[in-house]
Amino acid sequence: MKKKIDWMITLVPLAIIGSLSLLFFLFPERSNNVLSQVRFFFGDTLGTYYLIVGLGIFIISIYLCFSKYGNIVLGKQNEKPKYSFFVWGSMMFTCGLAADILFYSFSEWVMYATNPHISQLGSIQEWAGVFPLFHWSFIPWGFYLVLAVAFGFMLHVRKRNKQRFSEACRPILGKYTDGWIGRIIDLLAVFALLAGTATTFSVATPLMATIIQSLFGFTIGRTSITIIIILITCLIYTYSLLHGFKGISILAKVCIYLFFGLILFVLFTGGQGQYIIETGIESLGRVVQNFVELSTYIDPLRETNFAQDWTIYYWAYWMVWCVAAPFFIGNISRGRTVKQTIIGGYIFGVGSTLISFIVLGNYSLGLQTSDTVDFIAQYVANSDLYAMIINIINTLPCGKIVMIWVLVTMITFYATSFDSIAYTASCYSYHKLEENEHPNTNIQLLWCILLILLPVALVFSDSSMSNIQTVSIIAAFPIGIIMIMIVWSFLKDANKYIKEVEDK
């Protein structure tokens with residue numbers, strides 16, 4: 001097995017992440033200052049780049065779907081899908097979002113409501129619920145789905161035995177794929193993968209810690225509880241991963257049942273059902289009507305820095321997640337056409353995401369606009385989103401039970417997401433993986449542990465939301481360039497494949 005392992009791809013990221021983790025832990029204040037300066041350069045000075053890549057990839061996803069490429073089967077020409085639509089959709093949705101979706105669904109509208117850009121556009125009622133739908137829907141899933149069909153084509157049609165970003169670029173790089181250019185691409189991809197992991201773990205796990213504090217009245221600090229939660233979650237996703245795709249699919253289905261059960265409970269018992277539906281439809285309409293404007297807004301005069309703080313961060317956040325999630329989606333999409341994969345992804349992935357933000361977000365927005373509870377004042381007073389979310393949950397019937405429900409759902413979201421990430425990272429450690437061959441258990445275990453190092457360091461260093469966002473913005477810059485190369489490679493190779501089929 002040792003000869004099969006690419007130790008450079010495995011150990012170099014380990015050394016880099018280990019060093020960064022140590023620096024964040026030993027010099028938190030100085031690290032934060034450096035991160036802020038680097039963030040300004042990438043997110044502010046070069047921010048337009050992220051917006052262009054985002055809108056461009058979405059347009060390409062529509063083109064792929066309804067062009068000649070849409071009929072390409074990700075596998076043999078008459079092959080049937082490996083998984084049912086529900087199981088496939090469940091694994092796709094849960095691998096691509098993690099527990100962040102619950103954290104942001106409850107709280108994101110409040111952060112927008114306190115931003116001056118909302119008052120420039122109109123009222124909180126009109127716009128606070130629009131941006132969560134925009135930032136979590138079509139462009140993010142466009143990133144995933146375009147790369148997923150490229151990777152699926154590479155794995156199931158061309159039968160390539162290297163599951164790496166560099167291999168997806170082979171049609172345009174040729175022999176350079178196996179040289180230093182390919183090595184740099186793969187190292188950047190693995191680093192971005194770890195950065196994305198750090199971001200999502202660092203954002204949402206403190207909410208889980210706050211729920212535990214609220215339920216059991218622990219006197220130990222939130223940071224200590226957060227570290228314990230990260231370790232427990234690591235154990236769960238490691239156990240599931242070591243049982244293969246069967247374990248992942250079972251956990252994904254459990255997660256979906258818990259998630260939609262929570263959505264239905266809030267919708268039908270929270271007393272805001274009509275408001276939730278009406279405001280949700282209105283907000284979705286505004287996203288569609290203003291899609292191009294929202295996608296290109298950059299705030300050149302920097303009056304509010306809204307685009308730099310949110311839209312650019314989000315596109316960067318989704319880019320770094322593109323190292324793992326699309327590979328996993330491409331892997332499980334065997335037997336589906338390019339069109340089925342893209343449309344199915346938009347239906348299940350975007351649809352489920354929109355439902356979450358419409359129901360959970362508009363529940364508390366409804367209480368705010370009806371002057372029942374002033375969540376904005378709570379957030380402005382102490383800037384503690386986690387405590388505010390606890391207050392939101394406590395307004396629901398059986399608040400304590402709902403908190404447990406949210407906690408368990410977040411754990412299953414994390415477990416299913418990091419199953420796919422650890423599996424993809426394990427594949428990166430191999431020079432070659434033949435069809436139906438899976439990474440060795442010890443390599444998978446190594447990556448399960450490696451994935452939690454940087455999140456733990458960020459939590460210990462008490463990093464602010466801004467610094468956590470910076471990790472993604474920095475890592476995403478080169479990934480955007482690589483994504484363009486992958487799309488170019490796919491179009492070139494797919495054209496060649498279509499000609500091969502026509503000539504038979």
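In what follows, residues are counted from 1 in the order of the sequence shown.
No side-chain heavy atom of Tyr112 sits less than 4.5 Å from a side-chain heavy atom of Val130. Taking the side chain as every heavy atom from C-beta outward, Ile139 and Ser295 approach each other to under 4.5 Å. You'll find the side chain of Leu74 stays beyond 4.5 Å of the side chain of Lys82, heavy atoms only. Between Asp186 and Phe191, every side-chain heavy-atom pair lies at or beyond the 4.5 Å cut-off. Taking 4.5 Å as the limit, every side-chain heavy atom of Leu145 sits out of range of all side-chain heavy atoms of Leu64. The shortest distance between side-chain heavy atoms of Trp180 and Ile184 falls below 4.5 Å. Within the 4.5 Å cutoff, the side chain of Phe165 has no heavy atoms near those of the Cys169 side chain. Counting only heavy atoms from C-beta outward, the side chains of Ile72 and Lys339 never approach each other to under 4.5 Å.
Taking the ring centroids of Phe259 and Phe93, they lie under the 6.0 Å cut-off. Ring centroid separation for the pair Phe490 and Phe151 does not come in under the 6.0 Å cut-off. Between Tyr314 and Tyr50, a ring centre-to-centre spacing not shorter than 6.0 Å is recorded. Between Tyr144 and Trp318, the ring centre distance stays below 6.0 Å. Taking the six-membered ring for Trp, Tyr346 and Trp141 have ring centres at least 6.0 Å apart. Ring to ring, Phe306 and Phe131 are close: their centroids are under 6.0 angstrom apart.
The pair Arg183-Asp178 does not count as a salt bridge, with every side-chain nitrogen at least 4.0 angstrom from each carboxylate oxygen. The pair Arg170-Asp493 does not count as a salt bridge, with every side-chain nitrogen at least 4.0 angstrom from each carboxylate oxygen. Using a 4.0 Å cut-off between a side-chain N of Lys or Arg and a carboxylate O of Asp or Glu, Lys159 and Glu167 do not qualify as a salt bridge. Residues Lys162 and Asp6 are not paired through a salt bridge, judged by the lack of any N-O separation under 4.0 Å between the basic side chain and the carboxylate.
Counting only N and O atoms by type, the side chains of Ser356 and Ser105 include a donor and acceptor under 3.5 Å apart. Side chains of Thr337 and Asn71: a donor-acceptor N/O pair is absent below 3.5 angstrom, by distance only. Under the 3.5 Å distance criterion, with hydrogens and angles disregarded, no donor-acceptor pair is assigned to the side chains of His135 and Tyr317.
Trp88 approaches Arg336 most closely through the heavy-atom pair CD2-NE, 3.4 Å. Here the closest non-hydrogen pair linking Ile486 and Ala150 is CG2-CB, 3.8 Å. When all heavy atoms are compared, the tightest approach of Phe103 to Ser107 is O-OG, 2.8 Å. The heavy-atom pair separating Gln163 from Cys427 by the smallest distance is OE1-SG, 3.5 Å. The nearest pair of heavy atoms linking Ala189 to Val323 is O-CG1, 3.2 Å. Pairing each heavy atom of Val292 with each of Thr296, the nearest pair is O-OG1, 2.9 Å.
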Practice task
Start with the C-alpha distance between Ile479 and Ile482, add both sets of side-chain angles, then the distance that settles side-chain contact (heavy atoms from CB on, under 4.5 Å), and finish with yes or no.
Solution key: CA-CA 5 Å; Ile479 295 301; Ile482 299 170; 4.2 Å; yes
Exercise for the section: Decide yes or no on ring pair (Phe, Tyr, Trp, His ring centres under 6.0 Å) for Trp315 and Phe134, but give the supporting numbers first. Expected result: CA-CA 11 Å; Trp315 290 182; Phe134 171 64; 5.4 Å; yes
Practice task
Any chance you could lay out the side-chain contact (heavy atoms from CB on, under 4.5 Å) test for Leu147 and Ile329, step after step, and finish with the verdict?
Solution key: CA-CA 9 Å; Leu147 293 190; Ile329 295 171; over 6 Å; no
Exercise for the section: Mind running salt bridge (Lys or Arg N to Asp or Glu O under 4.0 Å) on Arg158 and Glu500 for me, showing each step along the way? Expected result: CA-CA 12 Å; Arg158 291 309 194 188; Glu500 292 171 0; 3.1 Å; yes
Handout entry: Candidate pair Phe348 and Ile256, rule side-chain contact (heavy atoms from CB on, under 4.5 Å), full reasoning
Key = CA-CA 11 Å; Phe348 209 107; Ile256 285 293; 4.3 Å; yes
Exercise for the section: Show the numbers, then the answer: is there a side-chain hydrogen bond (donor to acceptor under 3.5 Å, both in side chains) between Tyr297 and Glu293? Expected result: CA-CA 6 Å; Tyr297 174 71; Glu293 183 179 353; over 6 Å; no
Exercise for the section: Kindly indicate, with the supporting measurements, whether the criterion side-chain contact (heavy atoms from CB on, under 4.5 Å) is fulfilled by Ile355 and Phe260. Expected result: CA-CA 9 Å; Ile355 289 171; Phe260 280 105; 4.3 Å; yes
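The CG atom of Asn115 sits 9.0 Å away from the CG atom of Asn305 when rounded to the nearest 0.5 Å. Rounded to the nearest 0.5 angstrom, Ile101 CD1 and Leu360 CG are separated by 8.5 Å. With values rounded to the nearest 0.5 angstrom, Thr341 atom OG1 is found 8.5 Å from Met92 atom CE. For the atom pair Ile57 CD1 and Ile62 CD1, the distance stands at 12.0 Å (nearest 0.5 Å). In this structure, CG in Leu284 is found 5.5 Å from CD1 in Ile358, a value given to the nearest 0.5 Å. In this structure, Thr177 OG1 and Arg160 CZ are separated by 8.5 Å, a value rounded to the nearest 0.5 Å.
Heavy atoms from other residues, nucleotides or ligands lying under 6.0 Å from CZ of Phe86 number more than 12.
The backbone N or O of Lys499 sits nowhere less than 3.5 Å from a side-chain atom of Glu502 that would complete a donor-acceptor pair. In terms of modelled atom types and a separation under 3.5 Å, the side chain of Asp44 and the main chain of Gln308 share no donor-acceptor contact. Judged by distance alone, with hydrogens and angles left aside, the side-chain atoms of Tyr49 form a donor-acceptor pair with the main-chain N or O of Phe477 at under 3.5 Å. A donor-acceptor distance shorter than 3.5 angstrom exists from the side chain of Arg302 to the backbone of Asp299, with no hydrogens or angles considered.
Ring-plane geometry between Trp310 and Tyr104 is classed as perpendicular, the angle between the planes exceeding 60 degrees on a 0 to 90 degree scale with a lower cut at 30.
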